[in-house]
Amino acid sequence: MAEDYNFYDNVYDVVRQIPKGRVTSYGAIASYLGAKRSSRVVGYAMQVAGSANPPVPAHRVVNRSGLLTGKFHFGGNTMQDLLESEGVEVKEDQVQNFKALFWDPAIELEL
DNA sequence: GATTTGACAGATT
DNA sequence: CAATCTGCCAAAT
């Protein structure tokens, strides 16, 4: 049981560790997993996350621009509503003060 | 088993 | 400085 670790499952694990009121980017997660070029795969995992159990806080995962890419998958403004509910300022599907709210696993989980 | 797509990122023009 | 194109890796069909 060495291959039980999938890139996919690993992504969920990191996303679940995102503290409330914080956001991260696909590249940050991918980079933390050692596949910074696989940022797209991370996003794909999020798609299935909507079907995953327990569902990962994908609403805390945005692209490197802080843009709520994928809100479409949530089914409306659910993503933005959740972020605002956690104290994250979202304007036009874009995380405000993104840089300050940016949660980098490669740094936060570093210790 | 091979091909296509993909919630991106980074480099280049 | 802003917009555009390519690149990369893995999962899904």
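Sequence lines set the chain letters: A, B, ... in the order given, protein chains first and strands last, and positions in each chain run from 1.
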From [X] atom [atom1] to [Y] atom [atom2], the distance as rounded to the nearest 0.5 Å:
X	Y	atom1	atom2	result
A:Asp13	A:Ile29	CG	CD1	11.0 Å
A:Arg64	A:Thr24	CZ	OG1	14.0 Å
A:Asn10	A:Leu33	CG	CG	4.5 Å

Pick the nucleotide of DNA chain C nearest each of A:Val48 and A:Ala35; which residue has the one closer to the 5' end? A:Ala35
On DNA chain C, nearest-nucleotide positions of A:Ser38 versus A:Tyr8: which is more 5'? A:Ser38
Working note: A:Val11 + A:Val41, criterion side chain to side chain contact (heavy atoms under 4.5 Å, CB included); need CA distance, chi angles, decisive distance, verdict. CA-CA 9 Å; A:Val11 174; A:Val41 186; over 6 Å; no
Which residue pairs pass the ring-ring contact (aromatic ring centres under 6.0 Å, His included) test when at least one of the two sits in [range], sequence neighbours left out?
range	value
residues 60-95 of chain A	none
residues 8-66 of chain A	A:Tyr8-A:Tyr12
residues 80-100 of chain A	A:Phe98-A:Phe102

A:Glu108/A:Arg22 salt bridge by N-O under 4.0 Å criterion: no
Given side chain to side chain contact (heavy atoms under 4.5 Å, CB included), test A:Gln80 with A:Asp93 step by step and report yes or no. CA-CA 7 Å; A:Gln80 180 174 335; A:Asp93 303 324; 3.2 Å; yes
With the 4.5 Å side-chain cut-off for hydrophobic clustering, are A:Val48 and A:Val14 part of the same group? yes
Can you list the stems that include DNA chain B, where a stem is three or more consecutive Watson-Crick or G-U pairs with distances under 3.5 Å? B:2-6 with C:9-13, B:8-13 with C:2-7
Take the protein atom NE2 of A:His73 and the nucleotide atom C1' of B:dC8, then report the distance between them rounded to whole Å. 12 Å
Worked check of side chain to side chain contact (heavy atoms under 4.5 Å, CB included) between A:Met79 and A:Val62: CA-CA 10 Å; A:Met79 190 176 186; A:Val62 296; 4.3 Å; yes
So what does A:Ala30 touch, heavy atoms closer than 4.0 Å: a base, only the sugar-phosphate, or nothing? nothing
Which residues within residues 79-99 of chain A lie with some heavy atom under 4.0 Å of an atom in DNA chain B? none
Listed pairs, N/O of protein and of nucleotides 9-13 of chain B, under 3.5 Å:
unit_1: B:dA9; atom_1: OP1; unit_2: A:Gly27; atom_2: N; d: 3.4
unit_1: B:dA9; atom_1: OP1; unit_2: A:Arg64; atom_2: N; d: 3.0
unit_1: B:dA9; atom_1: OP2; unit_2: A:Arg64; atom_2: N; d: 2.7

Ranking B:dG6, B:dC8, C:dC9 by distance to the side chain of A:Tyr44, first place goes to B:dG6
Counting distance alone, no hydrogens or angles: does the base of C:dC8 have a donor or acceptor under 3.5 Å from a partner atom on the side chain of A:Arg40? yes
C:dA11 and B:dG10: how far apart are their C1' atoms, nearest whole angstrom? 22 Å
